[in-house]
Structures are given as C-alpha cells and as structure tokens.
Novice: 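Questions regarding the structure given below will be posed in turn.
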Amino acid sequence: MVIEYVGQNIRQMVADNREKRYAQQGIGSSYLFRVDHDTIIDATKCGNLARFINHCCTPNCYAKVITIESQKKIVIYSKQPIAVNEEITYDYKFPLEENKIPCLCGTENCRGTLN
C-alpha cells in the first residue's frame, strides 16, 4: 500500500454540480475519483497528496477499491519496487469518450489519450 485517496464522499449529482462550480470559479483541476456507481470521492479542496499522483500508461502503481468496516475506500498500491525520487503513477482508466484528453506520460507504450 502506498496511500489512500482521501476526500469527501459525494453522490453523482453533487459531483456534477461541483465540477461546474469549480470551472466557474477558475479552479483548473478537480480531483474527482469514482468509487462505484453511486459514490465519488472529491479531493479538490480537502484531499491528501494522493490527488497529485499523475496518470501513466505504464504505471508503477494501481488503484483499488477496498471495503473497511462497510466503507468503500480507494487505495493506491505499488505494482513493483519504487525507487527513491521515482514518480508514483497509476492508470486513471477514464471511460472512452469522443472528446479525447491527450496523455503526456511520454512512455514508450503511451496510448496517446487518457480516455
């Protein structure tokens, strides 16, 4: 285990409203991570360092939803030993959409987009 992705547990409708509000307020990035069909963790204003982990097409970590005392949590686990000063990354696994988000990971096996 590397770190838990921490933030506020919110419903989809709340997440949609917050995403619009963050854009109106000029907040460049929102940190919304889907736990399941009903729940999203919003780490935009009250998260921990996990929200700053970047995407990579060939990551050294992976995200997993686990349940502890009937609460679902997102935990980042390492796939391999991670060296000192090595960037921690995971695949965001965004759903396929028509509007593509370019990937900037720069790895040899880069897919070119996050979605």
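Everything quoted here is computed from the prediction, not taken from an experiment. One-based numbering along the sequence shown. In what follows, every heavy atom counts, from backbone to side chain, and hydrogens, waters and symmetry copies are set aside.
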Novice: Do you reckon V35 sits in the same ILVMFWY cluster as V6, going by side-chain contacts under 4.5 Å, direct or chained?
Specialist: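 Each belongs to a different hydrophobic cluster.
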
Novice: Ignoring hydrogens and angles, tell me if any N or O in the side chain of N60 forms a donor-acceptor pair with the backbone of E87 under 3.5 Å.
Specialist: yes

Novice: Checking L49 now: which residues fulfil side-chain contact (heavy atoms from CB on, under 4.5 Å) with it, not counting sequence neighbours?
Specialist: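 For L49, the residues satisfying side-chain contact (heavy atoms from CB on, under 4.5 Å) (neighbours in sequence not counted) are I3, F52.
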
Novice: Is any side-chain heavy atom of T39 less than 4.5 Å from a side-chain heavy atom of K72?
Specialist: no

Novice: Could you tell me the separation between the OG1 atom of T58 and the CG atom of N109, rounded to the nearest 0.5 Å?
Specialist: 6.0 Å

Novice: So, using side-chain contact (heavy atoms from CB on, under 4.5 Å) as the criterion, who are the partners of F94 when residues are at least two apart?
Specialist: Y92, I101, L114, N115

Novice: Does the side chain of I41 come within less than 4.5 Å of L32's, by heavy atoms?
Specialist: no

Novice: Measure the CD1-CD1 distance between I53 and I76 for me, rounded to the nearest 0.5 Å.
Specialist: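 Going from CD1 on I53 over to CD1 on I76, the span is 5.0 Å.
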
Novice: Quick one: pull up CD in Q71 and CG in N9 and give me the separation to the nearest 0.5 Å.
Specialist: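 Rounded to the nearest 0.5 Å, the CD-CG separation comes out at 6.5 Å.
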
Novice: Roughly how far apart are C110 SG and H55 NE2, rounded to 0.5 Å?
Specialist: 6.5 Å

Novice: Which heavy-atom pair separates E86 from P81 by the least distance, and what is that distance?
Specialist: OE1-O, 4.1 Å

Novice: Taking all non-hydrogen atoms of both residues, which atom of C56 and which atom of T107 are closest, and how far apart?
Specialist: SG-CG2, 3.4 Å

Novice: Might you confirm whether atom CE of M1 has over 12 heavy atoms from other residues, nucleotides or ligands at distances under 6.0 Å?
Specialist: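 Atom CE in M1 is packed in, count exceeds 12.
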
Novice: My understanding is that only residues two or more places apart in sequence, or in another chain, count here; which of them pass ring-ring contact (aromatic ring centres under 6.0 Å, His included) with Y22?
Specialist: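 Per chain and number, Y22 pairs via ring-ring contact (aromatic ring centres under 6.0 Å, His included) with no residue.
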
Novice: Taking I68 as the starting point, is it possible to reach V75 by hopping between hydrophobic residues whose side chains are less than 4.5 Å apart?
Specialist: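 Result: yes, single cluster for both.
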
Novice: Does the distance from a Lys or Arg side-chain N to an Asp or Glu carboxylate O, for D91 and K79, drop under 4.0 Å?
Specialist: no

Novice: For E108, enumerate each residue passing the side chain to side chain donor-acceptor pair (under 3.5 Å) test, keeping only those at least two apart in sequence or located in another chain.
Specialist: none

Novice: Kindly write out the residues that satisfy side chain to side chain donor-acceptor pair (under 3.5 Å) with S78, not counting sequence neighbours, or none if the list is empty.
Specialist: none

Novice: Can you sort out the partners of Q8 under side chain to side chain donor-acceptor pair (under 3.5 Å), two or more places apart, ordered by chain and number?
Specialist: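 Once residues adjacent in sequence are excluded, the partners of Q8 under the side chain to side chain donor-acceptor pair (under 3.5 Å) criterion are R18.
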
Novice: Test ring-ring contact (aromatic ring centres under 6.0 Å, His included) on Y62 and Y90 and set out the steps.
Specialist: CA-CA 5 Å; Y62 64 96; Y90 66 93; 9.7 Å; no

Novice: Measuring only between side-chain heavy atoms, which start at C-beta, is C61 closer than 4.5 Å to I82?
Specialist: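 In short, these two side chains touch, coming nearer than 4.5 Å.
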
Novice: At what distance, to the nearest 0.5 angstrom, does NE2 of H37 lie from CD of Q12?
Specialist: 8.0 Å

Novice: Please report the interatomic distance OH(Y5) to CG(N48), rounded to the nearest 0.5 Å.
Specialist: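 It comes to 8.5 Å.
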
Novice: Heavy-atom count check: over 12 atoms from other residues, nucleotides or ligands less than 6.0 Å from R11 CZ?
Specialist: no

Novice: Could you see if V14 belongs to whatever hydrophobic cluster contains I40? Use Ile, Leu, Val, Met, Phe, Trp, Tyr and a side-chain cutoff under 4.5 Å.
Specialist: yes

Novice: Looking only at atom types and distance, does a side-chain atom of R51 sit under 3.5 Å from a main-chain N or O of Y31, one as donor and one as acceptor?
Specialist: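 Such a contact is absent between R51 side chain and Y31 backbone.
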
Novice: What do you reckon, is NZ of K93 surrounded by more than 12 foreign heavy atoms closer than 6.0 Å?
Specialist: no

